[in-house]
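The block underneath contains the structure these notes are about, expressed in structure tokens.
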Amino acid sequence: MSSNKISFEDSLVPKVIESGNCISCGACVVSCPFSCLDYAEGKPNLIKECQICGICARVCPRYEWWLAEAENFAFGRKRKPEEKYGVCRRLLIAQAKDNKVLKVCQDGGITTALLLFALEKKIIDGAVVSGIDLKRPFYPIPKLATSSEELLKAAGTRYSCSPNILALSEVVKQKKSNVAFVGTPCQIHALRRMQMAGLKKLTRPLKFLIGLMCSESFNYEGLMKNHIQEKLGINLRNIKKINIKGKMLVTTDTEVTAIPLKEVKQYARTSCYICEDFSSELADISVGGLGLNEWTFTIIRSEKGEELISNAETAGFINTKPVEEGAFALRLLKKLTLKKKTPSTHL
Ligand SMILES: Cc1cc2nc3c(=O)[nH]c(=O)nc-3n(C[C@H](O)[C@H](O)[C@H](O)COP(=O)(O)OP(=O)(O)OC[C@H]3O[C@@H](n4cnc5c(N)ncnc54)[C@H](O)[C@@H]3O)c2cc1C
Ligand code: SF4
Ligand code: SF4
Ligand code: SF4
């Protein structure tokens, strides 16, 4: 890894922010040891004189990125040629057992069920997830959840960027020592960079990383306000769920409106255009819907991921099925992985 001491203005500003490649992860903001950066309107901003330590550039996954190095760091080995969707110990299809989870989750609720299990068994004392902004429906905000109620409230998917890494400041402030992290593939990249840069205060509490599969995330104003609210006339406060199953499905109490994906793609964030990771290839456990109904497609990548899933299953928190029962989802995983790694077909 580069040890260059380079300023924020000479590194991230031209190469990541002005070029439109910033994924708004917030890793640079929480990592600056001199608190020189704040986060506003999805971007880091310099608020006092940069001390030219180069740390923000070292943690930014869009400044420099070496997949093989990050893979070795996370799993102790590089992927085998046949592991097209990243290092993999086991594939399965899983579902939460608790009806409280199934009522509020996005797919099979495996993410929330694993967090509830880990919290109840005191494996973690909190989880970084995406919370709800009460003023703006479906606007995601970073959240450190420390109770089952908070985890249940945070379940489900908001398809805009939630800079969950910013909540690591809260983890430090509240002196939490064992936390789980849920985030998109790009956020998992940033966390691995922070771990590799040796930022112990921020990363030591991280016990396991759950990565969401992700084709793209959408600009909130464009998708939610301009398209769903204004063009389609759907009151955002009446929406119960938004999911993507071939089309974007917007569910209210009274109807389900299907929006063709080609109509919503125009709102995809520009920083997603160059993203090559569909399945959160550096997470301990990766989860996605992949066209399944009420089940979550799950990739176990690390030993701690394996231990968590096995223990949650034994304790009766989740049900699992062999991946063979979701053969079409596995085909879709392979297709979407390849699509993201082929620049011309990517969004
Ligand atoms: C932007 C985005 C795009 C996605 N695209 C795909 C896709 O193309 N194909 C696919 O198969 N799956 C995709 N997913 C993943 C899918 O929507 C589900 O999150 C996943 O299947 C897990 O379902 P679950 O029922 O286990 O999760 P749940 O138990 O419902 O838990 C979901 C967790 O995700 C967190 N979360 C919600 N929104 C965000 C956000 N914006 N950023 C970070 N964390 C968040 C919640 O706080 C919660 O902890 C996407 C998710 C996001 C956030
Ligand atoms: S981490 Fe902070 S002080 Fe260091 S280069 Fe970046 S902005 Fe400047
Ligand atoms: S670390 Fe994240 S928020 Fe900061 S410049 Fe890089 S991509 Fe943007
Ligand atoms: S497509 Fe890539 S860059 Fe965009 S939100 Fe998903 S993981 Fe992040």
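Bear in mind that the values here come from a model prediction, so they are computed numbers and not experimental data. One-based numbering, in listed order, for ligands and for the atoms of each. When reading the values below, keep in mind they use all heavy atoms of this one structure, side chains included, and skip hydrogens, waters and symmetry mates.
R269 and S24 are linked by a side-chain donor-acceptor pair at a separation below 3.5 angstrom, with hydrogens and angles left out of the test.
Remark: S279 OG to R301 CZ distance equals 4.0 Å, nearest 0.5 Å. Note that CG of D284 is 6.5 Å distant from CZ of F75, once rounded to the nearest 0.5 Å. With rounding to the nearest 0.5 Å, the separation of NZ in K153 from NZ in K143 is 7.5 Å. L236 contributes atom CG, which lies 4.0 Å from atom CD of Q229 (distance to the nearest 0.5 angstrom). From L261, atom CG reaches atom CE of M248 across 7.0 Å, with rounding to the nearest 0.5 Å.
Listed by number with element, the atoms of ligand 4 under 4.0 angstrom from any heavy atom of E216 are 1 (S). For ligand 4 and S217, the ligand atoms under 4.0 Å from any heavy atom of the residue are 5 (S). Distances below 4.0 Å separate heavy atoms of P185 from the following atoms of ligand 4: 7 (S). Here is the list of ligand 4 atoms found below 4.0 Å of a heavy atom in S215: 1 (S).
Listed by chain and number, residues touching ligand 1 at under 4.0 Å (heavy atoms only) are C105, Q106, D107, G108, G109, I110, T111, T112, V129, S130, A154, A155, G156, T157, R158, Y159, S160, S162, N164, V182, L212, M213, C214, S215, E216, S217, F278, V287, G288, G289, L290, T296.
Around OH of Y220, the count of heavy atoms belonging to other residues, nucleotides or ligands within 6.0 Å exceeds 12. With a 6.0 Å radius and a threshold of 12 heavy atoms from other residues, nucleotides or ligands, E294 has its CD atom at or below the threshold. K247 NZ: 12 or fewer foreign heavy atoms inside a 6.0 Å radius. Counted within 6.0 Å of CD on E82, heavy atoms from surrounding residues, nucleotides or ligands total more than 12; the atom is thus considered enclosed.
Residues E281 and K340 are not paired through a salt bridge, judged by the lack of any N-O separation under 4.0 Å between the basic side chain and the carboxylate. By the 4.0 Å N-to-carboxylate-O rule, D107 lies close enough to K245 to be salt-bridged with it.
Using cut-offs of 30° and 60° for the angle between ring planes, the W65 and H189 rings count as parallel.
Considering only non-hydrogen protein atoms, atom 6 (Fe) of ligand 4 sits nearest to C214 SG, 2.3 Å. Residue, atom and distance of the protein heavy atom nearest to atom 8 (Fe) of ligand 4 are C186 SG, 2.3 Å. The protein atom (non-hydrogen) at minimum distance from atom 1 (S) of ligand 4 is K340 NZ, 3.1 Å. At the shortest separation from atom 4 (Fe) of ligand 4 among protein heavy atoms lies C272 SG, 2.3 Å. Distance from atom 2 (Fe) of ligand 4 to its nearest protein heavy atom, with residue and atom name: C275 SG, 2.3 Å.
At a heavy-atom distance under 4.0 Å, no atom of E276 approaches ligand 4.
Excluding waters, the set of protein N/O/S atoms under 2.8 Å from atom 2 (Fe) of ligand 3 reads C25 SG.
Formation of a donor-acceptor pair under 3.5 Å by the N99 side chain with backbone atoms of L102 is not found in this model.
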